[in-house]
Amino acid sequence: MRKIWLAAGATALVTTAALAQVAAPAPSAASPAPAPAGRISTLVRDYVAQDRTPGIVVAYARGDRAPTIAAAGRIASDPGAAAADADSLWRVYSMTKPITGMAAMILIEEGKLKLDQPVGDFIPGFKSMRVLIEPDKSLASRPATRPVTVRNLLTHTAGLGYTIITTGPLLKEYERLGINPAAVNLAMEKEARTARPATLKEFADRVATLPLIAEPGTKWSYSIGLDVLGRVIEVAAGMPFDTFVRTRIFDPLKMKSSFFTVPASETGRLATNYLWAGDNRMPIDPGRGSVFAEPPSFPYGGAGLVMSARDYDRFLHMLLNQGTLDGVRIMKPETVRLAMSNLLPPGVFFGGAPAGTGGGDAPKRGFGAGGSVYLESEPGGPGKGTYGWGGAAGTIAWVDPVNKVRATAMVNYFPGEKWPLRPEVTAAVYADLTR
């Protein structure tokens, strides 16, 4: 088996037998508005011309304007595959996390959650957590001296692990209990479901039986915190997590191309996901026949969504407008500002994420509700307060309140850091908008 490092939230063991043949998607009826000549249009054209990806879409804008869509190539390498455009569907993996974070912030605004409320109020097993004494050596543990809170889940400071990060004996326990809230393809999904919990409740309850890698609120460590938060949300909201996200975010914002399960009628616009093995690019999950066309074990708040560039732009546009889009209010301005501020507990610092996810190298950053936050401006680039995150298959999105900029870039390949798309697209967006 071949271990693949997934940059922002999906984790997997890829075998040769799991590599599927790509079905040719139906042609897309939508056509992107042409982007003006500049660095972004050159970037997307070059990425396809250099065969770094079959297709790419970038949506970007300043202020309250409609997004400019720069697109090139097709959603798969197959002859006849649909052109990549604003409505093509992409696996956003950990770009799900900011959406889950904002769902929790809606409940905080409504008083159904509190930022520093113990998670044990919603998941009883979290009332008696334990902390590993020597994480790399054994499962020996001691009682935690403080509770895991909603803030900790939002900011990866709960002391939870992640199969892409965790090592030693605790990793074995995560694997044994199926604590792997991610999907890669149908062949691997069949194996994953032999151990993975069948419901979000069961998942969260199992997580609560495992020791923490650090005392809650003392260390930033990339984790399954946003997946556990999905269970907190559904308990606090009194409805399934995915239903809450759909009714409180997707439907009001008219985000009609955002799915935990892609309907059969829409798989023709779902991009193929690829695996780079050295200089060879191989299909691992075709659009037609994708694992994302089947219902997941439960909705994954950390890595479960498939979305279009147009839809993710609408989510960012709402945040840039401090909670409102097209006359529909999702959150109050003060809630959005809080969500996109540095929510890390005192004395805890964000030291960077695996493989540069969230935008690669950046100035000093903190962490907000499911995404990183710039604590200082980058000359000619993102301003202080810029909030966003990336996805395992190469995607990136951010919103910059200072410069009134929002941007989303969509590709689908593992590893997401195969090419320097994130820093390149960031630099290109600001260069074009400055012009």
Side-chain angles (χ1 to χ4, degrees), residues 4-8 10 12 14 19-25 27-28 30-32 34-35 39-60 69-95 184-185 267-288 290 292 306-310 312-313 355-357 359-360 390-397 407-429:
I4 304 299
W5 182 260
L6 303 184
V14 178
L19 300 178
Q21 294 298 314
V22 184
S28 171
S31 297
R39 286 181 60 177
I40 283 291
S41 59
T42 299
L43 183 149
V44 299
R45 183 180 66 246
D46 287 353
Y47 259 73
V48 173
Q50 295 167 11
D51 203 27
R52 293 182 171 191
T53 178
I56 179 173
V57 179
V58 178
Y60 64 105
I69 305 295
R74 300 183 177 277
I75 63 173
S77 298
D78 298 36
D85 62 30
D87 298 305
S88 299
L89 299 175
W90 311 85
R91 298 153 192 80
V92 300
Y93 283 114
S94 282
M95 274 167 43
V184 175
N185 64 17
T267 57
R269 55 190 176 111
L270 175 58
T272 291
N273 196 17
Y274 290 87
L275 168 68
W276 281 97
D279 293 328
N280 298 314
R281 187 180 67 220
M282 301 174 287
I284 58 170
D285 190 45
R288 296 190 188 276
S290 170
F292 285 92
V306 167
M307 301 177 67
S308 68
R310 190 192 305 276
Y312 213 94
D313 175 77
T357 199
T395 57
I396 179 74
T408 300
M410 298 291 203
V411 290
N412 268 176
Y413 50 73
F414 293 148
E417 69 276 13
K418 170 65 177 177
W419 308 111
L421 175 63
R422 291 167 177 144
E424 289 179 349
V425 78
T426 302
V429 163

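Each residue takes its place number in the sequence, starting with 1.
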Distance, nearest 0.5 Å, that separates [atom1] of [X] from [atom2] of [Y]:
X      : Y      : atom1 : atom2 : result
Ser77  : Met282 : OG    : CE    : 12.5 Å
Ser290 : Asp285 : OG    : CG    : 3.5 Å
Ile40  : Ile69  : CD1   : CD1   : 11.0 Å

Query raised in the report: For the residue pair Trp276 and Trp419, does the interplanar ring angle fall in the parallel (under 30°), tilted (30 to 60°) or perpendicular (over 60°) class?
Result: perpendicular
Check whether any side-chain N or O of [X] sits under 3.5 Å from a backbone N or O of [Y] as a donor-acceptor pair, and report yes or no.
X      : Y      : value
Arg422 : Gly390 : no
Tyr312 : Ala409 : no
Arg91  : Ala271 : yes

Report summary line: For Val411 and Ile56 the tightest heavy-atom approach is CG1-CG1, 3.7 Å
Report summary line: Taken in chain and number order and not counting sequence neighbours, the residues that satisfy side chain to side chain donor-acceptor pair (under 3.5 Å) with Tyr47 are Arg52, Glu424
Requested in this report: Please name all residues satisfying salt bridge (charged side-chain N to carboxylate O under 4.0 Å, His left out) with Asp46, sequence neighbours left out, ordered by chain then number.
Outcome: none
Requested in this report: Check the pair Trp90, Asn273 against side-chain contact (heavy atoms from CB on, under 4.5 Å), reporting the backbone distance first and the verdict last.
Outcome: CA-CA 8 Å; Trp90 311 85; Asn273 196 17; over 6 Å; no
Requested in this report: Look at Asp85 together with Arg269 and state whether they make a salt bridge at an N to O cut-off of under 4.0 Å.
Outcome: no
